[in-house]
Amino acid sequence: MVDRNKLIRLSKSTVSETDIRAVKGVLEREFLGMGKEVQEFEGLLTEFFGHPTVCVVNGTAALHLACQAIGVGIGDEVLIQSLTYVATFQAISATGARPVACDVSRDTLTLDCEDAERRLTSRTKAVMPVHYSGGVGELDEIYSFANRYGLRVIEDAAHAFGTEYKGKRVGGFGDISCFSFDGIKNITSGEGGCIVTEDEEVLEKTRDSRLLGVSKDTEQRFLAKRSWEFDVNFQGWRYHMSNIMAAIGKSQLGRFPEIANKRRSLAKLYDILLKNHSKIQTMPLDYNYIVPHNYVVRIEGLRDRALLRKRLLDRNIETGIHYQPNHWLSLYCVEGHGEFIVTDQEHKKLLSLPLHLDLEESDVHLVVNTLIQELDR
Ligand SMILES: *Cc1c(COP(=O)(O)O)cnc(C)c1O
């Protein structure tokens with residue numbers, strides 16, 4: 001029997017008194033929709049990234065609107081690693097375009113450029129690298145690949161809020177980056193997400209498309225007004241962020257240095273404790289630059305992951321799998337889509353260990369010791 005009181009959870013939201021006060025403030029001011037709080041959160045994020053930011057209702061919506069804004073639609077293809085959350089695939093197929101599953105590089109489990117190049121067609125419009133576990137892989141290579149073939153790049157940076165690559169913060173360089181602020185990501189706004197880019201056309205389009213395509217409605221909402229007479233030029237969505245969400249986001253962003261330190265030090269401790277175990281391989285990530293969303297290990301020779309996960313859960317340790325490949329799904333499985341050698345091999349070995357802000361160092365020791373006992377039994 002799992003004892004919920006003792007359970008070491010895989011992930012969880014952590015809410016501070018400051019977060020609660022921020023929400024209470026919005027509730028008391030009785031302006032719950034999109035207004036000043038959202039404008040302020042966008043301003044703070046723009047400072048954080050060094051690039052303009054548009055906030056939306058979740059990370060999936062951010063990816064969807066980014067795709068739409070660069071003109072991805074029916075008949076188009078977007079290159080995307082199979083090893084990602086289904087949200088990335090759904091964001092592409094929501095536009096009517098086809099997500100073209102690609103393999104990953106063995107080391108970093110990020111998009112393999114050479115494999116992506118083999119899957120390129122005249123219909124390919126964009127490439128969507130996923131920053132797996134906070135690491136961005138060889139992102140420079142992806143940008144030169146994209147430049148070579150005139151493709152747009154939309155980074156799924158849901159795992160990489162705060163991560164730095166070659167001295168620059170993810171979101172602060174590149175074409176378009178999308179983040180998620182769902183409850184268990186590096187910072188949360190309850191649900192939520194954002195699009196970060198310097199492309200004026202994408203900024204303008206996403207500001208309108210999050211409000212049903214109502215032209216310049218964002219500007220009105222930020223003045224606590226709304227548009228009564230307006231034009232609509234394209235299909236939009238009800239994807240805007242609320243003041244309640246933005247208040248949580250602002251408060252969490254203020255706590256980010258503390259949040260980042262805690263996540264980093266837990267991941268570093270796991271790395272140290274797991275370093276010398278022959279069957280366990282840690283990710284090649286440097287947590288001085290990366291702020292990890294999750295902590296993934298690979299277990300060599302693992303035959304029955306479900307059984308291992310069950311035994312760990314029986315001992316009050318929750319684990320996860322990031323991710324089940326998307327090319328296995330009925331919706332995205334395409335005949336003749338070729339091989340996914342690395343994804344199919346590596347996926348079976350993956351196990352995500354608990355990582356969240358309420359985890360103590362002693363919990364990490366307990367997780368590691370229990371895992372090793374179970375592997376050695
Ligand atoms: C969380 C996540 C998303 C989607 O974000 P939501 O805010 O949950 O919609 C997309 N891609 C990856 C890799 C994620 O982890």
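In each ligand, atom 1 is the first atom listed, and ligand 1 is the first ligand listed. Residue numbers start at 1 and run along the sequence shown.
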Kindly print each ligand 1 N/O atom paired with any protein N/O atom under 3.5 angstrom away, one pair per line, or none if nothing qualifies.
| unit_1 | atom_1 | unit_2 | atom_2 | d |
| --- | --- | --- | --- | --- |
| ligand 1 | 5 (O) | S180 | OG | 3.2 |
| ligand 1 | 7 (O) | G59 | N | 2.7 |
| ligand 1 | 7 (O) | S180 | OG | 2.7 |
| ligand 1 | 8 (O) | D182 | OD2 | 3.2 |
| ligand 1 | 9 (O) | G59 | N | 3.3 |
| ligand 1 | 9 (O) | T60 | N | 2.9 |
| ligand 1 | 9 (O) | T60 | OG1 | 2.5 |
| ligand 1 | 11 (N) | D156 | OD1 | 3.4 |
| ligand 1 | 11 (N) | D156 | OD2 | 2.7 |
| ligand 1 | 15 (O) | H159 | NE2 | 3.0 |
| ligand 1 | 15 (O) | K185 | NZ | 3.0 |
| ligand 1 | 15 (O) | Y323 | OH | 3.3 |

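- With hydrogens and angles left out, the side-chain atoms of T206 and Y239 include no donor and acceptor closer than 3.5 Å.
- Every ring pair (Phe, Tyr, Trp, His ring centres under 6.0 Å) that H337 has, sequence neighbours left out, goes to H327, F340.
- Applying the 4.5 Å side-chain rule to ILVMFWY residues, one finds L212, V214, V232 in the same cluster as F230.
- Relative orientation of the H322 and H159 rings is perpendicular, given thresholds of 30° and 60° on the angle between their planes.
- Among residue pairs with one or both ends in residues 70-89, those qualifying as salt bridge (charged side-chain N to carboxylate O under 4.0 Å, His left out) are D76-K125, E77-R98, E77-R123; sequence neighbours excluded.
- Between F161 and F49, the gap from one ring centroid to the other is short of 6.0 Å.
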